[in-house]
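See below for the structure under consideration.
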Amino acid sequence: MNKSAPIGVFDSGIGGLTVVKELREIMPKEDIIYFGDTARTPYGSRSPAQIIEFMHQILRFFAAQHVKMAVVACNTMTALGLDIAKKKYPFLVVGVNTGIRSALKVSHTKNIGVIATQATIASGKHGKVAKTIDPEATVYPQACPKFVPLIEGEKLIGPEIQEAAVEYLISLKEVRVDALILGCTHYPFINGLITDILGSEVALINPARETAEDARNLLVKHQLLADEGVGTTRFCFSADIDRAKRLAQHLFEQKLPDFELVNLQDYK
Ligand code: DGL
């Protein structure tokens, strides 16, 4: 492994781009290869075995790109496969930060809401982490299975996502959470809508920044932080690159390069 090798960042679709945005900001010299599995999104309603199998396929793609680190920019794969991935590959692997510490820093009531995919909620990860940090914290989990398909389908506004958001968030409003963790990397795409429903008194926690910081700390620890270069980004997807680019343009102000189509079957 050497400092000039790229960092691989991946998700089931376009959600992990919210992590790329933060990585770009705090590590401008790094080369990043992003992969989004738009051909098979969403992952969150699939079985744990299938989610782990897909994760390995993506990690084999990154192994072929000789990355120095892979960032699992997907809460679902982080919850189910991070420990396995860390042991299996010849590069560093880091997952999405739970956001629990950040939530507890801003919460007065210690009532923390978590919205995420079905698989992430079923893993119980956020509740377990919260108990180790502060036994008095109460985590209110809410699965939001309609969000990822709607966001991937470019329905970031409109009646469908509005109705889904009300359906998912109303119970969290009732229990008066004062911090809400966006436990899926797709959800920052709709943070305005979430705040409209919950009110600005509920702090939204997007763990993308902490995740990027975790990645940087690990590179520093292993003396692998890039110290020269201009920091390129490749955007690779398994389907629908035009749609992925339109969605990515919601996050990035600058003109983005051409997006690449990658067939994971080539990385068996
Ligand atoms: N962005 C992924 C996450 O953070 C979404 C997974 C899915 O495709 O359902 O969990």
Side-chain angles (χ1 to χ4, degrees), residues 8-23 34-59 70-83 85 93-100 102-103 113-127 129 141-156 161 164-165 168 180-191 194 204-212 214-215 235-240 243-244 247-248 250-251 264:
V9 185
F10 66 102
D11 179 40
S12 64
I14 52 98
L17 292 172
T18 58
V19 176
V20 170
K21 191 175 155 69
E22 301 296 334
L23 289 164
Y34 182 76
F35 177 81
D37 197 2
T38 36
R40 300 188 293 196
T41 193
Y43 280 15
S45 33
R46 294 177 186 270
S47 70
Q50 195 168 42
I51 293 165
I52 290 167
E53 184 195 328
F54 289 177
M55 179 192 73
H56 285 309
Q57 288 175 2
I58 300 169
L59 287 166
V71 180
V72 190
C74 170
N75 290 265
T76 308
M77 283 187 270
T78 297
L80 297 171
L82 183 67
D83 296 339
V93 181
V94 65
V96 185
N97 188 293
T98 59
I100 293 286
S102 300
V114 178
I115 52 173
T117 65
Q118 283 159 305
T120 302
I121 295 297
S123 77
K125 180 164 182 181
H126 291 83
V129 171
Q142 174 66 53
C144 306
K146 293 178 194 164
F147 278 169
V148 170
L150 286 167
I151 294 167
E152 288 283 342
E154 299 182 81
K155 298 208 168 109
L156 305 180
I161 196 128
Y168 297 141
L180 177 71
I181 295 171
L182 305 180
C184 167
T185 51
H186 281 73
Y187 299 171
F189 276 88
I190 55 163
N191 54 9
I194 295 169
L204 295 193
I205 309 297
N206 170 8
R209 175 54 70 118
E210 289 91 328
T211 304
D214 291 347
F235 295 91
C236 306
F237 291 86
S238 52
D240 294 332
R243 177 172 59 79
L247 281 159
H250 286 267
L251 293 179
L264 279 189

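Both ligands and their constituent atoms are indexed starting at 1 by order of listing. Only a predicted model underlies this, so the values are computations on that prediction, with no experimental measurement involved. Note: hydrogens, waters and symmetry copies are ignored here, and every other heavy atom, side chains too, is used.
- Between Phe10 and Val71 the shortest side-chain heavy-atom distance does not fall below 4.5 Å.
- Between Leu156 and Ile161 the shortest side-chain heavy-atom distance does not fall below 4.5 Å.
- Distance alone, capped at 3.5 Å, places no donor-acceptor pair between the Thr76 side chain and the Tyr43 backbone.
- For the pair Glu152 (side chain) and Ile14 (backbone), a donor-acceptor distance under 3.5 Å is present.
- Within the 4.0 Å heavy-atom shell around ligand 1 one finds Cys74.
- In summary, the atoms of ligand 1 found under 4.0 Å from a heavy atom of Ser12, numbered by their order in the structure, are 5 (C), 6 (C), 7 (C), 8 (O).
- Lys125 places a side-chain heavy atom less than 4.5 Å from the side chain of Thr78.
- Contact annotation: for Asn75 versus ligand 1, heavy atoms closer than 4.0 Å belong to both the backbone and the side chain.
- If you look at Thr41 next to ligand 1, the close heavy atoms, those under 4.0 Å, all belong to the side chain.
- Taking both residues in full, the closest heavy atoms of His186 and Ile151 are given as O-CD1, 3.6 Å, listed atom of the first, atom of the second, then distance.
- Atoms of ligand 1 found under 4.0 Å from any heavy atom of Asp11 (numbered from 1 in listed order, with element): 1 (N), 2 (C).
- By the 3.5 Å distance cut-off applied to N or O atoms, Thr120 is not counted among the residues near ligand 1.
- Within the 3.5 Å criterion, the main-chain N or O of Gly183 finds a donor-acceptor partner in the side chain of Asn75.
- Atom 7 (C) of ligand 1 has its closest protein heavy atom at Tyr43 N, 3.2 Å.
- Under 4.0 Å from ligand 1, heavy atoms of Pro42 appear from its side chain as well as its backbone.
- Distances below 4.0 Å separate heavy atoms of Thr76 from the following atoms of ligand 1: 3 (C), 6 (C), 10 (O).
- Atoms of ligand 1 lying under 4.0 Å from at least one heavy atom of Gly44, given by number and element, are 7 (C), 8 (O), 9 (O).
- Proximity of Thr185 to ligand 1, defined as any heavy-atom pair under 4.0 Å, is shared by backbone and side chain alike.
- Atoms of ligand 1 lying under 4.0 Å from at least one heavy atom of Cys184, given by number and element, are 1 (N), 2 (C), 3 (C), 4 (O), 5 (C), 10 (O).
- Using bins of under 30°, 30° to 60° and over 60° for the plane-to-plane angle, the ring pair Phe147/Tyr187 lands in the perpendicular bin.
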